[in-house]
Number of protein chains: 2
Amino acid sequence: MTASHDMLKPHNSSADKSRVRLWLRLLRATRAIEGELRERLRTTYNVTLPRFDVMAALYREPEGMLMSQLSKYLMVSNGNVTGLIDRLTSDGLVQRTLRDGDRRTSVVLLTKAGRENFEQMADSHREWVNELLSHFSPDEAETLAETLKVFASDWEGEAR
Amino acid sequence: MTASHDMLKPHNSSADKSRVRLWLRLLRATRAIEGELRERLRTTYNVTLPRFDVMAALYREPEGMLMSQLSKYLMVSNGNVTGLIDRLTSDGLVQRTLRDGDRRTSVVLLTKAGRENFEQMADSHREWVNELLSHFSPDEAETLAETLKVFASDWEGEAR
DNA sequence: CTTAGATATTTTATATTTGAAATATTTTTG
DNA sequence: CAAAAATATTTCAAATATAAAATATCTAAG
């Protein structure tokens, strides 16, 4: 299934290594930033990163999202989303509604409290990301984002 | 602490957006690749991604690592490492030793079985990463890795 | 209509993860 | 030395996460 066969060359390890190195850097950079954002969200707003992610996803969709859409968009399992929404619901930040003719599905959306709560956090979040990525100029950021778009969308779910 | 003050401009949102967009792309790309690797490690070798990460870290250090070094290198909490090492130990892939004069510390290293196990997986892992990042030429990968190195190292622990 | 299959979500069992507190040990200070 | 501070790890409770199984509902074929 791979793009290259190894009949002529048993190992093309020089090419191999650069992509592996890129992957490790990508992973470490992302983890470092994610950890810093997690910490700041916790100390400043007493919210976990997964909760913030869910609220961010829902904020973009005023009509709400299906559980399965959330799961695909956030790239986490169905069961995970169930638990997160359960807890967010019991905190009054999110609600399930049964607007469809389809009783299997439930549309999830932010409550008024949830929207207001998220809007506060979103401002800080934007500032933090700008601070943490300040090594990139806006132009560099655009370029790099465009580069990453290409290959990320290969596995991404449509999410809407 | 931030590089810019907002006395003249209350919001510099155009610059803001490009970095946030970059962050979201970075996050989604990483999650997509991570998810694919997780899936392949599970179906092919019946191993979880966190376990693979621990073994990869230990493989690079034949002398072994302290729990705290592992924790810093992998950017996860101490308690997390304890649990992972507990389970890897009971599977015979890892062992704790008390080589120091310091009885607080325990040096963790791969067993023979652990090394052999990891070597098998590492080959596949390298191929998978190359496949998943095949959109990048080796040169592009080098360049991008260098770019990411700069800002990741701001928060990275030294790890050795 | 009725059953087989498809779809959406929840439940379950287990593993991972965090952050705080507890424990154990070493180092430093008076 | 003895007490205090620092360091390294484990324990603990709660939240997050996965994958598989169970449940509920819808759709389609006959």
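Per chain, numbering begins at 1; letters A, B, ... match sequence-line order.
Toward the 5′ end of DNA chain C lies the nearest nucleotide of A:N80, the other residue of the pair A:E39 and A:N80 mapping further downstream. Position along DNA chain C of the nearest nucleotide to B:R51 versus A:R42 favours B:R51 as the more 5'-ward residue.
For B:R104, taking side-chain heavy atoms from C-beta onward, the closest of the listed nucleotides D:dT16, C:dT25, C:dT11 is C:dT25. Across D:dT9, D:dT25, D:dA19, the shortest atom-to-atom separation from the side chain of A:D102 is found for D:dT25. Listed nucleotides C:dG19, C:dT7, D:dT9 differ in distance to A:R38; the shortest reach to its side chain belongs to C:dG19. Side chain of B:T105, nearest nucleotide from D:dA17, C:dT17, D:dT9: D:dT9.
Under 4.0 angstrom from either OP1 or OP2 of D:dT16 there lies at least one side-chain N or O belonging to A:T48.
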Check step by step if side chain to side chain contact (heavy atoms under 4.5 Å, CB included) holds for B:L109 and B:V94. CA-CA 6 Å; B:L109 65 170; B:V94 145; over 6 Å; no

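On a pure distance criterion of 3.5 Å, no polar donor-acceptor pair joins the side chain of B:R103 and the base of C:dT25.
Each of B:R51, B:R96, B:Q95 was scored for a side chain to side chain contact (heavy atoms under 4.5 Å, CB included) with B:I85, with one residue passing: B:R96.
The backbone N or O of B:L49 lies less than 3.5 Å from no partner atom in the side chain of B:R38, so there is not a single donor-acceptor pair.
Salt bridge status for B:D53 with A:R31: present, with a side-chain N to carboxylate O gap under 4.0 Å.
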